[in-house]
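Notes to accompany the following structure.
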Amino acid sequence: MAKEKTLEDLFYDTLKDIYFAERQILRALPKMARAAQSSELKAGFEKHREETEGQVERLQQVFDKIGKRAQGKTCEAIQGIIAEGEEIMDEFKGTQALDAGLISAAQAVEHYEIARYGTLKTWAATLGLKDVVSLLDQTLQEETATDKTLSRLATTAANQKAKAA
């Protein structure tokens, strides 16, 4: 008979998923920064890459705290979201709509991360992993702030530029 799966198993499985996702995002952000037309958007992608490096380090701390080896598990969701972003970069290269498209792709990534980190934080609290909760919350706050910055960039510049073209 198969072993009954627990919340701890689900937590660990999801942790591996987001670890894989963050490492894929680290590879995608430089491409997005190079593609961005606005210097502010370029700088935002570069800043978020640095933050993402810290988030990967925090995830490694979480793995340590739960006594597990840091490893990723293929996340098809993030691969699909990143592929959509690459499509936007190809199809809208050189157009006034590119930055709006890049922001849209980046926000899809952020929303995925916000959902994952929110869930992991809640499960960590349920499992009594107080040290882990604070690490996950720090990342959740960064992801939420990045999403707000992207929204601001979209509404104050990129969307209007794309509309005017």
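Just so it is clear, the values below take in all heavy atoms, side chains as well, and ignore hydrogens, waters and symmetry mates.
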As a quick check of understanding, evaluate side-chain contact (heavy atoms from CB on, under 4.5 Å) for Ile66 and Leu15, giving each step before the final call.
CA-CA 11 Å; Ile66 65 170; Leu15 191 62; 3.8 Å; yes
Please test Glu46 against Lys42 for salt bridge (Lys or Arg N to Asp or Glu O under 4.0 Å), starting from the C-alpha separation and ending with a verdict.
CA-CA 6 Å; Glu46 290 165 358; Lys42 237 181 237 303; over 6 Å; no
Given side-chain contact (heavy atoms from CB on, under 4.5 Å), test Phe20 with Gln79 step by step and report yes or no.
CA-CA 10 Å; Phe20 176 90; Gln79 288 178 323; 3.5 Å; yes
Before giving the answer on side-chain contact (heavy atoms from CB on, under 4.5 Å), spell out for Tyr19 and Gln60 the whole-Å C-alpha distance, their side-chain angles and the decisive distance to 0.1 Å.
CA-CA 8 Å; Tyr19 185 68; Gln60 290 167 342; 3.0 Å; yes
Test side-chain hydrogen bond (donor to acceptor under 3.5 Å, both in side chains) applied to Tyr117 and Gln55, step by step
CA-CA 11 Å; Tyr117 283 110; Gln55 293 165 358; 5.0 Å; no
Stepwise side-chain contact (heavy atoms from CB on, under 4.5 Å) test for Arg152 and Glu40
CA-CA 11 Å; Arg152 181 186 55 75; Glu40 194 174 2; 3.1 Å; yes
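Listed for the Asp9 side chain is a donor-acceptor partner under 3.5 Å among the backbone atoms of Thr6. Panel note: side chain Glu22, backbone Glu53; no donor-acceptor pair is recorded below 3.5 Å.
Ionic pairing of Lys5 and Asp13 is not present here: no N-O contact between side-chain nitrogen and carboxylate oxygen is shorter than 4.0 angstrom. Of the charged side-chain nitrogens involved, none lies within less than 4.0 Å of a carboxylate oxygen, so that Glu110 and Lys148 do not count as a salt-bridged pair. Looking at Asp137 and Lys121, a side-chain N of the basic residue comes within less than 4.0 Å of a carboxylate O on the acidic one, giving a salt bridge.
Within the model, atoms CG of Leu136 and CG of Leu129 stand 9.0 Å from one another, a figure rounded to the nearest 0.5 Å. With rounding to the nearest 0.5 Å, the separation of CD1 in Ile114 from OG1 in Thr139 is 12.0 Å. Taking CG of Asp17 as the reference point, atom CD1 of Ile78 lies at 8.5 Å (rounded to 0.5 Å). Atoms CG and CE, from Asp99 and Met32 in turn, are 10.0 Å apart once rounded to the nearest 0.5 Å. From Cys75, atom SG reaches atom CD1 of Ile25 across 8.5 Å, with rounding to the nearest 0.5 Å. Between the CD atom of Gln107 and the CG atom of Asp147 there is a distance of 4.5 Å, given to the nearest 0.5 Å.
Judged by the 6.0 Å distance and 45° axis criteria, Lys68 is positioned over the aromatic ring of Tyr12.
Remark: of the listed residues Arg58, Glu113, His48, Arg58 is the sole one forming a side chain to side chain contact (heavy atoms under 4.5 Å, CB included) with Glu142.
Residues Leu135 and Leu59 are not in side-chain contact: their nearest non-hydrogen atoms beyond the backbone lie 4.5 Å or more apart.
Annotation for Ala35 and Leu102: closest pair C-CD1, 3.9 Å, computed over non-hydrogen atoms. Closest approach of Ala106 and Phe45 over heavy atoms only: CB-CE2, 3.7 Å. Taking both residues in full, the closest heavy atoms of Phe63 and Arg69 are given as CD2-O, 3.4 Å, listed atom of the first, atom of the second, then distance.
Shown here is Phe92, whose CZ atom has no more than 12 heavy atoms of other residues, nucleotides or ligands within 6.0 Å.
Val133 and Val62 end up in different hydrophobic clusters when Ile, Leu, Val, Met, Phe, Trp and Tyr side chains are linked at under 4.5 Å.
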